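Notes for the one structure printed next.
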2 protein chains.
Amino acid sequence: MSTRGQEVFRQLREAIARGDYSGGSRMSEVEIAAAFGVSRTPVRAALSELAAEGLLDYTPNAGYAVRSYSAEDMIGVFETRAALEGLAARQAVEKGLSEAQYAQMKRVIEEADAVLRNPGEIKGIGAYWGKANAAFHNPVSEASRNPHLQWLLRKSRDIPMVQATLFRQPDIQRIQKAHDEHIYILEAIVGRQAVRAEALAREHIYKAGAYVVARMRGKAAGAA
Amino acid sequence: MSTRGQEVFRQLREAIARGDYSGGSRMSEVEIAAAFGVSRTPVRAALSELAAEGLLDYTPNAGYAVRSYSAEDMIGVFETRAALEGLAARQAVEKGLSEAQYAQMKRVIEEADAVLRNPGEIKGIGAYWGKANAAFHNPVSEASRNPHLQWLLRKSRDIPMVQATLFRQPDIQRIQKAHDEHIYILEAIVGRQAVRAEALAREHIYKAGAYVVARMRGKAAGAA
DNA sequence: AGTTTCAAAATTGTATGCAAATTATTGCGA
DNA sequence: TCGCAATAATTTGCATACAATTTTGAAACT
């Protein structure tokens with residue numbers, strides 16, 4: 001079993017990525033401690049880790065706050081992540097997919113194919129696609145067999161606002177396109193086309209980033 | 001002023017990067033607390049952050065230990081870092097160097113030119129080159145104006161053993177070659193040759209990685 | 001009214017004590 | 001002598017108390 005601090009860390013991490021806390025909001029130690037039914041000590045440990053992970057900003061003697069990203073920042077995040085996902089795809093080709101990794105990616109594609117063909121089940125499609133998307137991309141970074149790369153990718157994927165923007169109010173057309181891109185990426189990896197796989201993965205992420213930034217700017221403009 | 005936890009964090013971070021603690025060695029809370037003259041609380045905060053930074057491994061109920069990298073791991077680190085430094089160089093071209101950034105890079109090159117021409121001052125060349133190298137690369141990542149990229153680069157540069165391996169027992173020939181590569185990288189950035197700058201920066205890091213890995217394997221073989 | 005100042009309240013930083021888990025050690029048996 | 005089990009010692013996890021800092025709010029002054 002794990003420690004309480006680890007548990008608090010995990011739950012807060014999910015909550016922030018999911019968008020439960022709006023950007024810039026203060027994370028009160030006593031409040032969280034009360035909510036989890038623990039003392040401030042494990043909460044402080046969790047907050048400290050979350051800050052090191054980049055999900056929170058920390059100011060000495062002033063506490064922690066949910067980090068907020070500007071549109072500029074978000075462009076940088078996705079440009080960086082595009083390079084890393086491209087590298088992961090290339091290394092996945094170089095080192096080869098395991099049976100299990102290939103099976104999982106194929107399963108995700110076939111399942112999504114069925115789901116997307118039937119527009120009746122549109123309710124909850126955002127949450128579904130969020131999970132399916134992760135289930136598709138995880139095997140790729142695993143297949144790179146590069147722990148450091150996997151670590152940096154995790155830091156580039158779990159960013160406040162991103163999940164919420166992409167999967168909260170889903171855009172069925174965008175999901176369809178992303179799904180198509182997945183098919184070609186898997187095709188390239190299986191066909192040992194390293195350069196093509198890298199380019200496709202890179203562009204796949206780049207498009208997602210452009211979408212997130214557009215949504216951020218749109219919402220900001222709409223609210224103003 | 002900063003907190004004690006932050007101070008402990010900073011000092012431990014430097015010590016680990018410098019190679020004062022050998023890989024795998026346990027970091028005892030009470031020991032460190034005694035050494036710094038503080039209680040365990042700020043030490044725990046510092047260790048927690050260092051673990052999140054990737055410098056320490058953490059096992060629940062068993063504490064923290066200096067993370068050790070195998071040669072395989074190190075290859076992955078440098079492959080990843082090569083992609084990131086390449087991206088930084090490309091974005092530096094796209095966004096342009098500031099006057100100050102250009103001046104700093106040029107100064108480093110001219111200074112190193114003088115130092116390397118005079119082999120009398122070889123004592124302390126490792127430490128000198130370590131600083132000079134950082135002073136050359138930092139402006140590039142700054143010029144990318146990509147905070148996320150800068151953050152990931154920091155995590156890819158400050159790795160246990162790397163600094164010690166590269167700069168503790170310096171190899172004058174390798175330093176000379178790295179210095180030459182710096183000249184071409186700056187040339188490419190100034191000349192707005194994005195693709196060339198990216199390729200040069202990437203290869204520059206790749207070579208450094210190959211050197212570190214060779215040294216690791218050589219030392220391991222020699223010790224066995 | 002607006003600004004400044006000062007004090008009260010709230011929040012974070014640190015030390016300490018104790019519970020729980022892990023690690024080391026001792027003693028026994030094969 | 002080696003392996004194993006049980007216990008002692010060490011180390012970490014958490015809660016709590018208090019100190020230090022920041023934030024808030026109100027009163028006084030311009």
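The sequence lines fix the lettering, A, B, ..., with proteins before strands; numbering per chain opens at 1. Note that this is a predicted model, so its numbers are computed, not measured.
Looking only at distances, a side-chain donor or acceptor of A:Q104 sits under 3.5 Å from a matching main-chain atom of A:A135.
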- Message: Is there a side-chain contact (heavy atoms from CB on, under 4.5 Å) between B:I159 and A:H148? Walk through the geometry before answering.
- Response: CA-CA 11 Å; B:I159 302 271; A:H148 188 72; 4.0 Å; yes
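Put simply, CG on B:D57 is 15 Å from P on D:dT12, counting in whole angstrom units. In this structure, the CG atom of A:N61 is 12 Å from the C1' atom of D:dA19, given to the nearest Å. Atom CZ of B:R44 is separated from atom C1' of C:dG13 by 15 Å (rounded to the nearest Å). Here D:dT21 presents its C1' atom at 13 Å from CD of A:E29, a figure rounded to the nearest Å. Residue A:R4 contributes atom CZ, which lies 10 Å from atom C1' of C:dA20 at whole-angstrom precision. Atom CZ in A:F36 sits roughly 13 Å away from atom P in D:dA15 (whole-Å rounding). When rounded to the nearest whole Å, the span between CD of B:E31 and C1' of D:dT10 equals 12 Å. Protein atom CZ of A:R26 is 8 Å distant from nucleotide atom P of C:dT11, rounded to whole Å.
Side-chain contact of A:S98 with A:Q101: a donor-acceptor pair under 3.5 Å is present, judged by distance alone. Using modelled atom types, one finds a donor on one side chain and an acceptor on the other under 3.5 Å when comparing A:Y211 with A:R215. With hydrogens and angles left out, the side-chain atoms of A:Q91 and B:E79 include a donor and acceptor closer than 3.5 Å.
When the side-chain nitrogen and oxygen atoms of B:R40 are compared with OP1 and OP2 of C:dG17, none of them lie within a distance under 4.0 Å.
The side chain of A:Y58 lies closest to C:dG13, out of D:dG13, C:dG13, D:dA15. Distances were taken from every side-chain heavy atom of B:T3 (C-beta onward) to each of C:dA15, C:dG13, D:dT12; the shortest belongs to C:dG13. Counting only heavy atoms from C-beta on, B:T41 has its side chain closest to C:dT16 among D:dC14, C:dT16, D:dT11.
Contact annotation for A:Y64: no contact, since no heavy-atom pair falls under 4.0 Å across all strands.
Between B:G63 and A:G37, the residue whose closest nucleotide on DNA chain D is further toward the 5' end is B:G63. Comparing A:M27 and B:P42 by the nucleotide of DNA chain C whose heavy atom lies nearest to each, the residue mapping closer to the 5' end is A:M27. Along DNA chain D, the nucleotide nearest A:S39 and the nucleotide nearest A:A62 are compared for position; the residue whose nucleotide lies closer to the 5' end is A:S39.
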